Amino acid sequence: MEETPLALYMSIGFDIITIFPGMVSAYIGESILKRAVQKGLLDVKVYNLRDHATDKHRTVDDYPYGGGSGMVMKIEPLYTAVQAIKADGLERLTVMLSPQGRRYDQAAAESLSQEKRRILFICGRYEGIDERVKESLVDDEVSIGDYVLTGGELGALVIIDSVARLIPGVLGDEESAKEESFTWGILDYPHYTRPPEFMGMRVPEVLLSGNHKDIADYRRKEALRRTLQKRPDLLGKAALSKRDYDILNELCSSKTGINDAEEEG
Ligand code: ADE
């Protein structure tokens, strides 16, 4: 078998600055991401912000100017941490995790998976980060959803996980990342495995038929039905074909279309 030239392999690198390095390493060190690291498809380096504090207590936060509750992350340790990481001369995209950031979604994951630069995450803790960090060190501010976490670490992990699985070779079955939920802009179709019947619940007959065209049609219709039912807001942005619109029209006008797949037979 011919060897694939190295340049054809995609890989992606992340750097994370955090005060909880163990939290991040624990997740990266398990399962699929661990295997991706071992295969050389994913590189993750975790940096302890406290290593860049200058006092003996390794302080990284301080009281807010103007008063108020909570502590604010200081700029100096973050600044020196970023400079130390960038000393290797590699190109980087610096991303700060915060609830004020641009909302992360599958399109953002796909765009980051094409990134040639390493991605450097700054994980905030406490009540916030000194605003000057954003002005001087950050290219992009990202939120993973409209809720407030105790820090950016989970956000960084969510992004790493969702980007890594788009890198060819990270998932066992390469098709699965491309085919499934959200990559078409709509929800995933229902999945079944053996047994064909469990406590009276039967697997839809078409899936046992071996007819690939019928199976593909059934899956597309069910994916559209679920999206119409649960996330109609996605349909406005999804890439839909004329046939998809026909199916949606049919689902909307049929009595059982939105609520009950089984009744249609
Ligand atoms: N830090 C705290 N809340 C966050 C959120 N929703 N997204 C990213 N980082 C955060």
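Treat the numbers as computed from the prediction; the structure is a model and nothing was measured.
For Tyr65, the OH atom counts as loosely surrounded, since its 6.0 Å shell holds 12 or fewer non-hydrogen atoms of other residues, nucleotides or ligands. The number of heavy-atom neighbours closer than 6.0 Å to CZ of Arg132, taken from other residues, nucleotides and ligands shown, is 12 or below. Heavy-atom neighbours of Lys34 NZ from other residues, nucleotides or ligands within 6.0 Å: at or below the threshold of 12. Annotation: Glu197, atom CD; neighbour count of heavy atoms from other residues, nucleotides and ligands within 6.0 Å is above 12. Within 6.0 Å of the CD atom in Gln38, the count of heavy atoms belonging to other residues, nucleotides or ligands exceeds 12. The 12-atom threshold is exceeded at OH of Tyr126, counting heavy atoms of other residues, nucleotides or ligands nearer than 6.0 Å.
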Report task. Begin with the C-alpha distance, continue with both residues' side-chain angles, and end with the deciding distance and a verdict on side-chain contact (heavy atoms from CB on, under 4.5 Å) for Val82 and Ile17. Result -> CA-CA 8 Å; Val82 170; Ile17 303 174; 3.7 Å; yes
Requested in this report: For Asp61 and Arg125, run side-chain contact (heavy atoms from CB on, under 4.5 Å): C-alpha distance rounded to whole Å, both residues' side-chain angles, the deciding distance at 0.1 Å, then the answer.
Outcome: CA-CA 9 Å; Asp61 63 325; Arg125 281 266 150 187; over 6 Å; no
Query raised in the report: Could you go step by step and tell me if Phe20 and Cys123 meet the side-chain contact (heavy atoms from CB on, under 4.5 Å) rule?
Result: CA-CA 9 Å; Phe20 292 117; Cys123 300; over 6 Å; no
Query raised in the report: For Arg226 and Asp188, what are the C-alpha separation, side-chain angles and deciding distance, and is it a salt bridge (charged side-chain N to carboxylate O under 4.0 Å, His left out)?
Result: CA-CA 8 Å; Arg226 280 184 165 187; Asp188 200 6; 5.7 Å; no
Query raised in the report: Does the pair Val170 and Leu42 meet the rule for a side-chain contact (heavy atoms from CB on, under 4.5 Å), with working shown?
Result: CA-CA 8 Å; Val170 168; Leu42 172 68; 5.5 Å; no
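Val44 places none of its side-chain heavy atoms less than 4.5 Å from the side chain of Leu33. Between Asp62 and Val72 the shortest side-chain heavy-atom distance does not fall below 4.5 Å. Considering only heavy atoms from C-beta on, Thr59 stays 4.5 Å or farther from Thr54 through its side chain. For the pair Leu49 and Tyr47, the minimum side-chain heavy-atom distance is 4.5 Å or more. At least one side-chain heavy atom of Pro204 sits under 4.5 Å from a side-chain heavy atom of Tyr192. Contact of the Arg58 side chain with the Asp51 side chain is registered, since non-hydrogen atoms from C-beta on lie closer than 4.5 Å. At least one side-chain heavy atom of Leu112 sits less than 4.5 Å from a side-chain heavy atom of Leu93. Looking only at side-chain heavy atoms (C-beta outward), Phe14 and Val46 stay at 4.5 Å or farther from each other.
Residues Ile19 and Leu120 are members of one and the same hydrophobic cluster, defined by side-chain heavy-atom contacts under 4.5 angstrom among Ile, Leu, Val, Met, Phe, Trp and Tyr. Taking hydrophobic clusters as Ile, Leu, Val, Met, Phe, Trp and Tyr residues chained together by side-chain heavy-atom distances below 4.5 Å, Tyr147 shares a cluster with Val142. Each of Met71 and Leu149 belongs to its own hydrophobic cluster when Ile, Leu, Val, Met, Phe, Trp and Tyr are linked at side-chain heavy-atom distances under 4.5 angstrom. Taken together through direct or relayed side-chain contacts under 4.5 Å among Ile, Leu, Val, Met, Phe, Trp and Tyr, Val206 and Val203 form part of one hydrophobic cluster. Leu171 and Leu157 fall within a single hydrophobic cluster, where Ile, Leu, Val, Met, Phe, Trp and Tyr are joined by side-chain heavy atoms under 4.5 Å apart, directly or via other members.
To the nearest 0.5 Å, atoms OG (Ser143) and CE (Met96) are separated by 11.0 Å. Considering CD1 of Ile32 and CG of Leu41, their distance stands at 12.0 Å, rounded to 0.5 Å. Within the model, atoms CZ of Arg219 and CG of Asp214 stand 12.0 Å from one another, a figure rounded to the nearest 0.5 Å. Of the inter-residue distances, the one linking Glu153 atom CD with Thr150 atom OG1 reads 7.5 Å to the nearest 0.5 angstrom. Atom CZ of Arg202 is separated from atom CG of Leu207 by 11.0 Å, given to the nearest 0.5 angstrom. Here the straight-line distance linking atom CG of Asp43 with atom CD1 of Ile12 works out to 10.5 Å at 0.5 Å rounding.
Scanning all heavy atoms of the two residues, the minimum distance from Ala223 to Ile186 falls at CB-CD1, 3.7 Å. Closest approach of Ser113 to Met10, counting heavy atoms only: O-CE, 3.3 Å. Smallest separation of non-hydrogen atoms from Tyr104 and Ile144: CB-CA, 4.2 Å. Across all non-hydrogen atoms, the minimal contact from Leu97 to Gly152 is CG-O, 3.5 Å. Here the closest heavy-atom approach between residue Ala238 and residue Gly185 is recorded as CB-O, 3.6 Å. The two atoms that bring Pro196 and Leu208 nearest to each other are CB-CD1, 4.3 Å, heavy atoms only.
The backbone N or O of Ile159 sits less than 3.5 Å from a side-chain atom of Ser162, completing a donor-acceptor pair. Formation of a donor-acceptor pair under 3.5 Å by the Asp246 side chain with backbone atoms of Arg243 is not found in this model.
None of Lys213, Lys221, Arg220 except one satisfies the salt bridge (charged side-chain N to carboxylate O under 4.0 Å, His left out) rule with Asp217; the exception is Lys213. A salt bridge (charged side-chain N to carboxylate O under 4.0 Å, His left out) with Asp15 is found for exactly one of Lys45, Arg117, Lys86, Arg118, namely Arg118. Each of Leu78, Val95, Val133 was scored for a side chain to side chain contact (heavy atoms under 4.5 Å, CB included) with Val138, with one residue passing: Val133.
A salt bridge does not link Arg102 with Glu141: none of the charged nitrogens is closer than 4.0 Å to a carboxylate oxygen. Between Asp161 and Arg165 there is no salt bridge, since no side-chain N of the basic residue sits under 4.0 Å from a carboxylate O of the acidic one. Arg103 has a carboxylate O that lies under 4.0 Å from a charged side-chain N of Asp146, or vice versa, which qualifies the two as a salt bridge.
Using cut-offs of 30° and 60° for the angle between ring planes, the Trp184 and Tyr189 rings count as tilted.
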